[in-house]
Amino acid sequence: MKIASFNINGVKARLPALLEWLREARPDVVALQEIKSQDSTFPREPIEDLGYNVATHGQKGFNGVAILARRPIEDVVRGLPGDPDDAQARWIEATVAGEAGAVRVCCLYAPNGNPAPGPKYDYKLAWMARLEAHAAELLAREEPTVLAGDWNVIPQPEDAADPEAWREDALFLPQSRAAFRRILHQGWWDALRTLHPEKGLYTFWDYQAGAWRRDHGIRIDHLLLSPQAADRLRACEIDRHVRGGEKPSDHAPIWAELEI
DNA sequence: ATGGTTGATCCTCAA
């Protein structure tokens, strides 16, 4: 089963690029972030025409997440547990069956947090703390589980082309990286780093200042695997070429092949 | 050091 994560930065503006990538990459499950769409205006039909079921958790204007899957999408949970007053659409999780078992796919869009310090950074850290609590519950189920999404965290200096440029950014501040590590150290496996120790692997290049042309990227989209999923990991890659396409998102897709 | 871009919307904000 090929499971992908892709921050598409607006599903309506990105529809041609999304459809082209779906046709080419043929993922079984996709976690989409920043759909910037309400559920009622999400362009379901052209995606369903390619053979995907669609589950959305959108809101007006910003944020918004969705799961696409060739097999049925079951037991859907919308919204990150832990704060019923949180109106931001940043979490959807569901179960998808494979040929040899099922996988729980959690699609997350963590808060950016800039400017830091400030209320947005406080919200980022509070959201990460809620994620930490829910991730522990998921791990305790001892099932194949994937935390797939835009984590808005650069885990290590080698995950940025120019780490010094990010030194005071919410994506790279010590507290942000510590929050990511606390979750990782519960027992999750960073799928990309499990198979690829090399430098220069990025998933995001800013639209500004020629970041793509100069390869000034960062790695902020991550697939974290429960041990039961990590045991079945066969491949993990970034579809970097998608960032160089027509009207691209500022993120590239990342995917893992699991023997499920 | 600064500036640079994109998307959705009610024209500025978020990234």
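A note on names: the letters A, B, ... follow the listed sequences, proteins ahead of strands, and every chain is numbered from 1.
As judged by a 4.0 angstrom heavy-atom cut-off over every strand, A:Arg90 is placed among residues touching the sugar-phosphate backbone only. A:Phe204 comes within 4.0 angstrom of nothing in the nucleic acid, heavy atoms only.
In this structure, the nucleotide among B:dT6, B:dA15, B:dA8 sitting nearest to the side chain of A:Lys12 is B:dA8. Of the candidates B:dG7, B:dA15, B:dG3, the closest approach to any side-chain atom of A:Lys120 belongs to B:dA15. Distances were taken from every side-chain heavy atom of A:Glu34 (C-beta onward) to each of B:dA15, B:dT6, B:dA8; the shortest belongs to B:dA15. In the set B:dA8, B:dG7, B:dG3, the nucleotide with an atom closest to the side chain of A:Ala209 is B:dG3.
Rounded to whole angstrom, the span from the OH atom of A:Tyr207 across to the C1' atom of B:dG3 amounts to 18 Å. Protein atom CG of A:Asp221 is 15 Å distant from nucleotide atom P of B:dA15, rounded to whole Å. Protein atom CG of A:Asn114 is 11 Å distant from nucleotide atom C1' of B:dA14, rounded to whole Å. Between A:Asn63 atom CG and B:dA14 atom C1' the separation is 9 Å, expressed in whole Å. Protein atom OH of A:Tyr123 is 13 Å distant from nucleotide atom C1' of B:dA14, rounded to whole Å. Separating the CZ atom of A:Phe62 from the C1' atom of B:dC10 is a distance of 11 Å, rounded to the nearest angstrom. The interatomic distance linking A:Lys124 (NZ) with B:dA14 (C1') rounds to 13 Å, in whole Å. Here B:dT5 presents its P atom at 7 Å from CD of A:Gln208, a figure rounded to the nearest Å.
Sequence order on DNA chain B of the closest nucleotides to A:Gln59 and A:Gly113 puts A:Gln59 first from the 5' end. Sequence order on DNA chain B of the closest nucleotides to A:Arg214 and A:Ala13 puts A:Arg214 first from the 5' end.
Defined by atom type and a distance below 3.5 Å, a donor-acceptor pair is present between the side-chain atoms of A:Asp221 and A:Thr203.
The C1' atoms of B:dT9 and B:dC13 are separated by 9 Å, rounded to the nearest whole Å. B:dA15 and B:dG4 are spaced 13 Å apart, taking the C1' atom of each and rounding to whole Å. Here the separation of B:dA14 from B:dC10, taken at their P atoms, is 13 Å to the nearest Å. Only the C1' atoms considered, B:dG7 is 13 Å distant from B:dC11, to the nearest whole Å.
A:Ile73 is connected to A:Val65 through a chain of hydrophobic side-chain contacts under 4.5 Å among Ile, Leu, Val, Met, Phe, Trp and Tyr, so both are in one cluster.
Residues that satisfy the ring pair (Phe, Tyr, Trp, His ring centres under 6.0 Å) test with A:Phe204, not counting sequence neighbours, are A:His251.
A salt bridge is absent between A:Lys2 and A:Glu257; no separation between the charged side-chain nitrogens and carboxylate oxygens falls under 4.0 Å.
Close to B:dG7, at under 4.0 Å from its OP1 or OP2, lies a side-chain N or O of A:Lys247. For B:dA8, neither phosphate oxygen OP1 nor OP2 lies less than 4.0 angstrom from any side-chain nitrogen or oxygen of A:Lys60.
The aromatic rings of A:Trp91 and A:His134 sit perpendicular, their planes meeting at an angle over 60°, well past the 30° parallel limit. Below 30°, between 30° and 60°, or above 60°: for A:Phe180 and A:Trp151 the angle between ring planes is above 60°, a perpendicular geometry.
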